[in-house]
Amino acid sequence: MQKDMPKVITRFAPSPTGFLHIGGARTALYNWLYARRHNGQFLLRIEDTDRKRSTDEAVAAILAGMSWLGLDCDGEAVSQYAQAERHKEVALKLLADGKAYRCYATSEELAELRSKARDEGKPFLGDVWRDKEPDAETAKRPYAIRIKMPREGEVTINDEVQGNVTVQNKELDDMILLRSDGTPTYMLAVVVDDHDMGVTHVIRGDDHLNNAFRQYQVYAAMGWSVPVFAHIPLIHGPDGKKLSKRHGALGVEEYAEMGFVPEAMRNYLLRLGWSHGDDEIISTQQAIEWFNLENVGRGPARFDFDKLDNLNAHYMRTMNSETILSLVKNELEIYTGDKLAEIEIQRLLAAMPSIAERAKRLPDVVEAASLYCNTRPLKLTEKASATLSGNGPMLVELAEKLLSVSSWKSDQIKEAIISYATAKELKLGKVMQPIRAALTGGLPSGDLTDLLEILGQQESYDRLLDQANT
RNA sequence: GGUCCCUUCGUCUAGUGGCCUAGGACGCUGCCCUUUCACGGCGGAAACACGGGUUCGAGUCCCGUAGGGAUCACCA
């Protein structure tokens with residue numbers, strides 16, 4: 001970085017009209033990564049100028065989602081609505097400078113003009129009052145303030161993701177800056193806030209690319225420097241359709257509830273639309289070192305649960321036992337209906353690496369972990385019942401045999417089982433399978449003798465006898 | 001409909017004119033490991049949307065076509 005380059009300042013600016021959805025989460029992540037990469041600042045601004053649709057719950061959900069994802073912002077979240085006076089001041093300045101004008105058109109008139117323009121295949125400019133003075137009567141009516149867009153020339157934005165994009169100025173509508181009730185619109189507010197907050201890089205969804213050209217004119221009219229733009233493609237559902245609320249767009253807290261861990265989510269979101277050669281597993285630390293805008297893809301990407309699952313499984317395998325246990329403890333206690341006893345915790349800690357290796361999501365861990373809790377008698381799966389069928393007498397013999405093992409260690413246990421199988425001239429599998437079924441009820445588990453060791457001699461004995469009559 | 005954007009295996013992607021017989025990952029699948037389920041290892045099937053150019057040479061550059069997407073509010 002050159003020493004006189006301005007410090008990088010990025011921002012995430014969601015509107016609080018719902019949860020933090022997956023696309024927003026990725027936008028936030030990219031902004032955060034970019035700021036961290038360049039030792040800059042990552043700001044959060046709540047775009048709440050639409051008073052009717054903004055809610056405190058949504059603000060809370062967004063904050064919670066970001067904190068779950070581990071995206072810390074610099075400074076407090078800023079409310080856009082709180083800056084309304086400042087926005088108004090800018091609109092009035094533009095009006096005074098002759099770069100904006102009063103518009104007395106009613107929404108009915110506008111709607112009619114709009115549909116007419118569309119029918120004629122022409123852009124709707126909204127400029128009926130652009131060069132018109134109101135008569136005495138009209139001047140008493142409420143008016144909105146619209147920007148006076150240039151009608152000549154073109155503007156090229158060098159988007160960091162989309163490349164050079166050019167739009168003819170005559171396509172730009174005289175958008176409203178200040179509504180007739182005196183409140184600022186988003187188009188005005190974003191520009192003023194981004195400028196006031198010193199935002200240097202605007203990284204946001206592709207759906208704003210068109211807006212960039214309109215906003216550019218506000219910067220120009222105020223004589224402000226234009227930030228770097230980077231419009232990242234949207235995320236689509238697994239079927240290729242746009243994600244909407246009724247179509248797979250879930251809030252991040254729902255992914256948390258489904259049992260995904262933040263590390264996996266970050267990695268997944270990072271790779272969805274961005275790449276670093278063939279690298280797939282990328283730690284957050286590594287991502288901060290590598291992230292750039294050039295390698296963001298240009299096309300929309302589909303959301304794929306299988307890949308997220310794979311990443312989630314990977315990150316769970318790399319976590320230590322205490323961490324995973326703390327993540328599932330509550331759910332596990334609800335699942336078994338009981339507080340975890342010390343002996344159960346000890347068993348779980350010992351078994352956790354083996355449990356995590358087999359799980360894709362946290363609920364899988366809960367289920368597998370329940371094996372190590374005192375939940376006798378176990379419920380059997382159909383397959384387990386079939387395995388156990390007719391083996392009652394053998395289970396009794398095995399239970400007694402195991403009770404005589406003097407040192408309850410995996411290898412000793414294995415020895416005992418092998419000696420039993422040898423004496424009975426049975427294949428090892430014929431003995432192991434029923435034991436496993438009796439101990440687990442059919443749930444997946446790791447090495448059988450490890451399982452026996454962790455469960456303890458008495459619990460193992462009891463579980464074998466539980467199934468002796470089947 | 002106007003404007004703008006996009007298009008490599010089913011999915012995420014590598015690829016910046018010769019290293020491409022197109023690579024990796026997920027998913028699918030064969031084999032190995034194994035007391036189950038996993039993990040892991042070794043394989044397999046699977047893509048440059050189409051048509052024209054430019055070039056000695058194109059997945060890579062240009063132009064069309066088709067398909068997809070975004071946007072066109074006194075919402076953000």
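Within every chain, numbering begins at 1; the chains are lettered A, B, ... in the order of the sequence lines, protein sequences first and strands thereafter.
- Surrounding NZ of A:Lys116 are at most 12 heavy atoms belonging to other residues, nucleotides or ligands under 6.0 Å away.
- Results of the salt bridge (Lys or Arg N to Asp or Glu O under 4.0 Å) test with A:Asp174 over A:Lys99, A:Arg102, A:Arg130, A:Arg146 single out A:Arg130 as the only residue that passes.
- A donor and an acceptor atom never sit less than 3.5 Å apart when one is taken from the side chain of A:Ser107 and the other from the base of B:C74.
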ring-ring contact (aromatic ring centres under 6.0 Å, His included) between A:Tyr101 and A:Trp129, worked out: CA-CA 8 Å; A:Tyr101 60 90; A:Trp129 284 92; 9.1 Å; no

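- Rounded to whole Å, the separation between the C1' atoms of B:C56 and B:G24 comes to 32 Å.
- Of the P atoms belonging to B:A76 and B:U13, the separation is 31 Å, rounded to the nearest Å.
- Contact annotation for A:Thr49: backbone-only contact, meaning every heavy-atom pair under 4.0 Å involves sugar-phosphate atoms and none involves a base.
- In this model, a side-chain donor or acceptor of A:Arg118 finds a partner on the base of B:G1 within 3.5 Å.
- At the heavy-atom level, A:Asn211 lies under 4.0 Å from base atoms of the strands shown.
- Among the nucleotides B:A76, B:G24, B:U35, the one closest to any side-chain atom of A:Arg271 is B:G24.
- Contact annotation for A:Asp279: no contact, since no heavy-atom pair falls under 4.0 Å across all strands.
- Not a single donor-acceptor contact under 3.5 angstrom links the side-chain atoms of A:Asn310 to the base of B:A25.
- Annotation: B:U54 and B:C20 have their P atoms spaced 27 Å apart (nearest Å).
- A:His231 comes within contact range of no nucleotide atom at all, as no heavy-atom separation falls under 4.0 Å.
- Residue contacts for A:Thr166: at a heavy-atom cut-off of 4.0 Å it reaches the sugar-phosphate backbone alone, with no base atom in range.
- When the C1' atom is used for both B:G15 and B:U7, the distance is 15 Å, rounded to whole Å.
- Between A:Tyr34 and A:Phe291, the angle of the ring planes goes over 60°, which puts this pair in the perpendicular group of the 30/60° scheme.
- Using a 4.0 Å heavy-atom distance criterion, A:Gly163 is classed as making no nucleic acid contact.
- Between the side chains of A:Glu47 and A:Tyr186, no donor-acceptor pair of N or O atoms lies under 3.5 Å.
- Across every strand in view, B:G1 sits in a pair with B:C72 that passes the Watson-Crick or G-U test at under 3.5 angstrom.
- Taking the side chain of A:Pro444 as heavy atoms from C-beta on, and the options B:C37, B:A14, B:U13, the nearest nucleotide is B:C37.
- Residue order along RNA chain B, read from the 5' end via each residue's closest nucleotide, puts A:Gln162 first among A:Glu280 and A:Gln162.
- Among the nucleotides B:C4, B:C74, B:A76, the one closest to the side chain of A:Met187 is B:A76.
- B:A76 atom P lies 20 Å from atom CZ of A:Phe19, rounded to whole Å.
- If you take atom C1' in B:A45 and the same atom in B:G27, they sit 13 Å apart, rounded to whole Å.
- Here the P atom of nucleotide B:C37 and the CG atom of A:Asp450 are 17 Å apart, to the nearest Å.
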Sequence-aligned protein contact record of nucleotides 38-51 of chain B, with B where the base is within under 4.0 Å of a protein heavy atom and S where only the sugar-phosphate is: BSS-----------

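- Only A:Met432, A:Gln433, A:Arg436, listed by number, bring a heavy atom of residues 428-438 of chain A to less than 4.0 angstrom from any atom of RNA chain B.
- Across all strands shown, B:C19 forms no Watson-Crick or G-U wobble pair with both key distances under 3.5 Å.
- The P atoms of B:G10 and B:C48 are separated by 8 Å, rounded to the nearest whole Å.
- Here the P atom of nucleotide B:C28 and the CG atom of A:Asp304 are 11 Å apart, to the nearest Å.
- Within the nucleic acid shown, A:Ala313 has no heavy atom closer than 4.0 Å to any nucleic acid atom.
- The residue among A:Tyr268 and A:Glu47 whose nearest nucleotide of RNA chain B lies closer to the 5′ end is A:Tyr268.
- Distance noted for atom C1' between B:U71 and B:U8: 27 Å (whole Å).
- Nearest nucleotide to the side chain of A:Ser180, out of B:U11, B:C74, B:A76: B:C74.
- Ion pairing between A:Arg53 and A:Asp50 holds under the 4.0 Å rule for side-chain N and carboxylate O.
- Minimum atom distance to the side chain of A:His236 is reached by B:G69, of the listed B:C74, B:U35, B:G69.
- With a 6.0 Å radius and a threshold of 12 heavy atoms from other residues, nucleotides or ligands, A:Tyr81 has its OH atom at or below the threshold.
- Using the six-membered ring where Trp is involved, A:Tyr255 and A:Phe303 have ring planes that are tilted, between 30° and 60° apart.
- Within a 6.0 Å sphere centred on OH of A:Tyr216, other residues, nucleotides and ligands contribute 12 heavy atoms or fewer.
- The C1' atoms of B:C19 and B:A58 are separated by 15 Å, rounded to the nearest whole Å.
- Taking the six-membered ring for Trp and the full ring otherwise, A:Phe229 and A:His231 have centroids separated by under 6.0 Å.
- The residue A:Leu178 sits apart from the nucleic acid: no heavy atom pair falls under 4.0 Å.
- Annotation: A:Glu400, atom CD; neighbour count of heavy atoms from other residues, nucleotides and ligands within 6.0 Å is above 12.
- Judged as a side-chain contact (heavy atoms from CB on, under 4.5 Å), and not counting sequence neighbours, the contacts of A:Thr440 are A:Leu371, A:Arg436, A:Ser445, A:Leu451.
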